[in-house]
Chemist: 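Before I ask anything, here is the structure I am working with.
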Amino acid sequence: MGQIVINKDLAKAISDFQLPENLGFGNVMAPVMASCSYENGKWGPLELLPYGPITMYPTAKVLHYAQEIFEGMKAYRVNGKGPFIFRPEENHLRFNRSAERMAMPHVPYNIFMQAVLDVTAYSSNFVPRRTGESLYLRPFMFASEESLGIKPAEKFKFMVIASPSGSYFSGAGLSVYIERENARAFPGGTGFAKTGGNYAAGLAAAITTKNLGFVQTLWLDAVHKKYIEEMSGMNVFVVINNELHTSTLGDTILDGITRKSLITLAQDLGYKVVERKIDVDEMLADIKSGKCTEAFACGTAAIITPINYFGEANGDRYPLHYPDGKVSTILREKLLAIQEGREQDPYKWVTVVEPKTLN
Ligand SMILES: Cc1ncc(COP(=O)(O)O)c(C=O)c1O
């Protein structure tokens, strides 16, 4: 890894930081962040500095034209072992796929990895240690160029921040609203990229979802409003006749690293996994007839969270036979045991981080 510039105030910021007892998800920020600027066609030095406000001009293109991408990943330190980061090279690859779609430069592997690993290494003491808890890592890049012209920026900032976090969902099973009006992504659009606009496009539906008493929104394809795509921050699996079914990827769905890992794990555990277009009304009929016994959401934040029921605006409800999961409980335990370093990692998915301190 290359040279890194360490800000003179970082040691104090780290020694002053105290991890609160109640974390929630994404609310508490670790005292370290990484930053690297792109200008004149190249990346400058990577800097580690105390977490805090950043300055930019009101004309920064990101504020007007949403040229922005991000990633979400986790470092685990259960029982004091680790920290372990799950498949960071996959996040790097996806980050650069998002960058291409949003007309942004690639972030080189060394800069991405060093930023993620060093933020984790210097935050080692702030990685919460109970199972299911972690340090949530958020790499992101935005157009910092100061100009209102609508054209691709030439100045960018890449940063990594981190949040000691508890579980994403609190309480029992997920209730999922089937969104039949709004669309999140469309063919030829940006659905497969992890860019802020996709999430903004889902927020109005998030209000409807909440007002109707649901926790999550299920998106259908924008063209036919018929096939299940994904949720606003996670992929979806359903269990039909003991087989795992999930939507085929395309340019409207995020290629989830949890989804990909679960396909491998499930197949190695002997489950048949089917990737196909899933017709939502067929799925609801399968739930009613008892063919579809469970469904679950998966993603870095959610890990694996069973779905309690699907529902519609007209009040119809489709409860799953196993609202707490059956197959999903087996998969969740297996995946989490690897992520937390409690079990052997035959896939070499886990990167071990050496904790670091400053004097
Ligand atoms: C829209 C969307 N789909 C799916 C996922 C799951 O992806 P991953 O498993 O890589 O976290 C996420 C979270 O990153 C997401 O934001």
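Ligands are counted one by one from 1 in listed order, and the atoms in each one are counted from 1 as well.
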Chemist: Could you list each N/O atom of ligand 1 together with any protein N/O atom closer than 3.5 Å, one pair per line with the distance?
Modeler:
from, atom 1, to, atom 2, distance (Å)
ligand 1, 3 (N), E230, OE1, 2.5
ligand 1, 9 (O), I257, N, 3.2
ligand 1, 9 (O), T258, N, 2.8
ligand 1, 9 (O), T258, OG1, 2.6
ligand 1, 10 (O), R94, NH1, 2.8
ligand 1, 10 (O), R94, NH2, 3.1
ligand 1, 10 (O), I257, N, 2.8
ligand 1, 11 (O), T300, N, 2.8
ligand 1, 11 (O), T300, OG1, 2.6
ligand 1, 14 (O), K194, NZ, 2.7
ligand 1, 16 (O), K194, NZ, 3.0
ligand 1, 16 (O), Y199, OH, 2.5

Chemist: Is a side-chain N or O of N308 found less than 3.5 angstrom from the main chain of P319, in a donor-acceptor match?
Modeler: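 Between the backbone of P319 and the side chain of N308 there is no qualifying donor-acceptor contact (under 3.5 Å).
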Chemist: Could you check whether atom OH of Y168 has more than 12 heavy atoms from other residues, nucleotides or ligands sitting under 6.0 Å from it?
Modeler: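 No, not enclosed.
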Chemist: Output all residues satisfying ring-ring contact (aromatic ring centres under 6.0 Å, His included) with F192, sequence neighbours left out; order by chain, then residue number.
Modeler: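 F192: no ring-ring contact (aromatic ring centres under 6.0 Å, His included) contacts found.
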Chemist: Using a 3.5 Å distance criterion without hydrogens, assess whether the side chain of N235 forms a donor-acceptor pair with backbone atoms of E230.
Modeler: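 Side chain of N235 to backbone of E230, a donor-acceptor pair under 3.5 Å: no, none is there.
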Chemist: Do T195 and R101 pair up side chain to side chain, a donor and an acceptor below 3.5 Å, judged on atom types alone?
Modeler: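 The answer is no; no qualifying pair exists.
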Chemist: In terms of side-chain geometry, is the basic nitrogen of K356 or D118 positioned less than 4.0 Å from the acidic oxygen of its partner?
Modeler: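 Salt bridge between K356 and D118, a charged N being under 4.0 Å from a carboxylate O: yes.
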